[in-house]
Amino acid sequence: MSNLCCYPPNEPECAIDDSAVVEESIGKVEEVPPGTKKIFEVRGRKILVINDNNKLLAINGLCSHYNFPLENGVYANGRIRCPLHGACFNVRTGDIEDYPGFDSLNSYQVSDVNGEIVIKTTEKKLGSDRRIRYVAKTKKCDDRPIIVIGGGVAAATFIEHSRLNGLVTPILVISEESITPYDRVLLSKNPAATSDKIKLRQEDFYTDRNVKFHLNTSVTEIKPTRREVLLSNGETVFYSKLIIATGGNVRKLEIPGADLENIHYVRRFEEANQIAEKHLGRNVVITGASFIGMEMASSLAANAKSVTVISSSPEPLPVFGADVGKGIRLKFEEKGVKFQLATSVTQVNGEDGQVKSVTLANGETIEADLLVCGIGVTPATEFLKHSGVKLDKRGFILVDEKFRTNISYIFAIGDVTSFPLPLWDVETVNIQHFQTAQLHGQYLGYSIVGKPHPGPIVPFFWTLFFFAFGLKFTGYSQDSTKQYTHGEAETGNFVRYFLKKDRVVAVAGGGALAIAVVEFEEILKRGIEVTLKDLKNSNDHKWTHLLLAK
């Protein structure tokens with residue numbers, strides 16, 4: 001078998017831009033003193049100008065993830081992080097360097113001309129708030145394909161970065177989904193979103209990169225000694241390297257009545273669309289009070305007759321602590337959402353095959369026309385039973401720092417893995433969040449062609465309710481021994497630090513103070529030490545100065 005085709009393409013590094021040059025004043029230099037930044041509007045386009053020690057820099061002013069303004073983001077040393085979800089962009093190139101999101105931004109040449117900020121660019125660059133990093137159409141390569149099992153965000157990000165790093169080996173994606181990779185985060189935040197609105201890329205993007213999809217297809221078995229993948233349609237395909245990115249299967253109810261109609265799980269966009277269609281004017285019960293359940297309650301509350309959340313913990317979102325959960329619950333109750341705490345659904349009651357109510361462990365019965373379940377997932381690894389691929393005791397695939405399994409030529413990324421976190425001296429951990437899955441895909445896109453990773457993995461996740469309030473978290477808190485909180489957790493405006501040996505190892509927050517979480521994503525990545533003493537000595541709990549220190 002031939003080696004993987006991984007020679008760099010000879011095409012130019014960027015697409016040709018022959019549009020008209022634009023050169024005009026957009027504002028006064030005095031409006032952006034050193035150490036500040038401001039958004040200006042140029043021909044209807046928002047442009048962020050940054051004064052970095054009297055050097056002017058400019059970039060699109062809206063984050064490419066969800067178009068959130070970058071003006072209040074965290075800027076240091078040529079990189080800006082979105083204050084909403086922590087996506088990070090290189091201001092000099094516009095390239096996205098940390099996630100979530102996919103698209104990069106445009107950077108612009110700006111200068112001080114007699115006190116005026118003058119931008120020099122092209123009409124093409126002013127024509128959009130975002131851009132896709134250029135890759136010339138992939139050269140022909142006759143090697144066996146790299147096969148990717150799973151069509152989620154980790155797989156999509158691997159495709160992008162492997163091609164950006166020069167890999168031209170054909171890629172074949174085996175996906176149980178009916179469409180190419182999409183933004184699964186929107187399933188609980190905006191369940192009515194249709195497939196054309198949530199796709200991460202259009203079909204021509206993948207065609208130009210020599211990527212093919214087998215959709216509505218599952219893998220029944222892999223045979224590593226022959227490098228074979230057996231498919232549900234009876235076909236057998238052969239790989240040069242195999243990447244497993246199957247994520248999880250939703251955990252199903254195993255109680256009386258679980259087979260009734262109008263019981264829904266949130267895994268694919270078709271299921272989310274059905275929930276959005278059916279909930280109007282209905283009594284909705286949601287079992288599960290973690291991220292999926294709470295986000296679904298937030299999305300459905302406005303148009304349902306009633307929404308009741310069943311929480312097995314004393315307060316929702318237990319990972320953040322009871323005080324934070326209580327504060328969030330009170331805000332939900334102000335929106336009309338009801339809660340049943342420290343209990344669970346023990347039976348689903350029906351009539352004519354349809355859900356009519358649920359019986360709880362506390363003895364209460366709640367009317368229900370629609371039951372939405374968000375009770376966790378199990379790793380999607382059933383097809384690996386006879387493969388020899390090593391799993392942990394929970395069934396997640398064990399990988400090393402380069403996402404290699406114990407079997408040659410087989411890798412795994414995303415929610416299905418248990419992987420190392422070197423910054424925390426953690427040998428293996430499973431983390432199921434969008435940003436981490438994207439980082440896995442990005443980093444495998446480096447290591448599969450022999451390039452070093454661009455930096456350590458720092459987990460970051462978020463949740464947003466009613467498009468009005470939410471929570472952020474960065475780092476790894478499982479081994480922490482102490483907490484320090486600034487602000488009021490129950491009001492939702494707070495920052496909470498998790499410490500180990502009096503050093504900050506993770507940060508959670510909500511409200512205006514949650515900008516510290518975004519700052520610490522970068523602080524942790526750089527290995528900057530912040531101690532309990534530093535926390536006690538801080539008046540405002542703003543930390544950007546640590547990133548600016550030489």
Side-chain angles (χ1 to χ4, degrees), residues 12-76 78-136 160 164 183 193 196-202 204-205 208 467 518:
E13 294 183 355
C14 58
I16 296 174
D17 181 358
D18 56 2
S19 60
V21 173
V22 174
E23 187 170 5
E24 59 185 67
S25 171
I26 63 174
K28 301 287 186 182
V29 174
E30 63 186 24
E31 297 180 71
V32 195
T36 69
K37 49 191 179 300
K38 181 179 179 179
I39 285 181
F40 295 87
E41 192 159 305
V42 184
R43 302 190 181 187
R45 189 73 53 205
K46 287 179 168 55
I47 306 296
L48 179 69
V49 175
I50 300 167
N51 189 328
D52 185 345
N53 196 27
N54 289 314
K55 179 177 177 59
L56 297 178
L57 304 164
I59 194 170
N60 283 117
L62 302 179
C63 176
S64 65
H65 186 219
Y66 287 151
N67 295 317
F68 197 78
L70 293 172
E71 190 166 24
N72 294 319
V74 176
Y75 173 78
R79 287 156 52 99
I80 188 160
R81 284 190 179 273
C82 176
L84 187 62
H85 297 140
C88 186
F89 303 90
N90 185 311
V91 174
R92 290 172 176 82
T93 65
D95 291 347
I96 187 167
E97 294 187 348
D98 205 350
Y99 298 101
F102 269 85
D103 292 342
S104 295
L105 304 178
N106 293 298
S107 60
Y108 300 94
Q109 178 183 334
V110 285
S111 56
D112 177 352
V113 179
N114 299 321
E116 299 280 333
I117 301 173
V118 174
I119 187 172
K120 185 175 182 180
T121 184
T122 66
E123 289 186 349
K124 181 178 179 178
K125 290 183 73 173
L126 276 178
S128 176
D129 286 319
R130 56 181 63 186
R131 66 181 174 85
I132 296 174
R133 291 179 65 181
Y134 176 77
V135 175
E160 299 225 359
L164 285 168
D183 188 352
D196 59 316
K197 300 294 184 183
I198 62 176
K199 279 187 180 181
L200 297 172
R201 296 294 186 222
Q202 298 304 313
D204 58 353
F205 174 91
D208 289 345
F467 296 101
V518 179

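Only this structure's heavy atoms are used, side chains among them; waters, hydrogens and symmetry mates stay out. Predicted, not measured: the structure shown is a model, and the values here were computed from it. Nothing fancy with the numbering, it's 1 onward along the sequence.
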Should I47 and L126 count as side-chain neighbours, where that means a heavy-atom distance under 4.5 Å? yes

Is any side-chain heavy atom of L105 closer than 4.5 Å to a side-chain heavy atom of D129? no

Quick one: do L56 and N51 satisfy side-chain contact (heavy atoms from CB on, under 4.5 Å)? Show the steps, please. CA-CA 5 Å; L56 297 178; N51 189 328; 4.0 Å; yes

Test log, rule side-chain contact (heavy atoms from CB on, under 4.5 Å), inputs D103 and I96: CA-CA 7 Å; D103 292 342; I96 187 167; over 6 Å; no

Side-chain donor/acceptor of [X] to backbone N/O of [Y], under 3.5 Å:
X: D17; Y: S19; answer: yes
X: E31; Y: K28; answer: yes
X: R81; Y: G86; answer: yes

Using every non-hydrogen atom in the two residues, find where [X] and [Y] come nearest and quote the distance to one decimal.
X: I26; Y: I119; result: CG2-CG2, 3.5 Å
X: G61; Y: I39; result: O-CD1, 3.6 Å
X: R133; Y: S104; result: CG-OG, 3.3 Å
X: C63; Y: R130; result: O-NH2, 4.2 Å
X: L70; Y: I80; result: O-CD1, 3.5 Å
X: L164; Y: V135; result: CD2-CG2, 3.4 Å

Taking atom [atom1] of [X] and atom [atom2] of [Y], what is their separation to the nearest 0.5 Å?
X: Q109; Y: T121; atom1: CD; atom2: OG1; value: 9.0 Å
X: K55; Y: D112; atom1: NZ; atom2: CG; value: 12.0 Å
X: E71; Y: C82; atom1: CD; atom2: SG; value: 12.5 Å
X: R92; Y: D52; atom1: CZ; atom2: CG; value: 6.5 Å
X: S64; Y: N106; atom1: OG; atom2: CG; value: 10.5 Å
X: H65; Y: D183; atom1: NE2; atom2: CG; value: 5.5 Å

Could you walk me through whether N60 and F89 pass the side-chain contact (heavy atoms from CB on, under 4.5 Å) test, one step at a time? CA-CA 10 Å; N60 283 117; F89 303 90; over 6 Å; no

With Y66 via ring-ring contact (aromatic ring centres under 6.0 Å, His included) - residues at least two apart: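 Expected list: H85.
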
Determine the sole option in K125, E123, K120, K124 for which the side-chain contact (heavy atoms from CB on, under 4.5 Å) test with V22 is passed. E123

More than 12 heavy atoms of other groups within 6.0 Å of K199 NZ: yes

State whether the number of non-hydrogen atoms from other residues, nucleotides or ligands found under 6.0 Å of N114 atom CG is greater than 12.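 12 or below, so no.
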
Check D95 with R79, please: is the shortest side-chain N to carboxylate O separation under 4.0 Å?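 Salt bridge absent between R79 and D95.
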
For residues 22-61, the ring-ring contact (aromatic ring centres under 6.0 Å, His included) pairs (sequence neighbours left out) are none

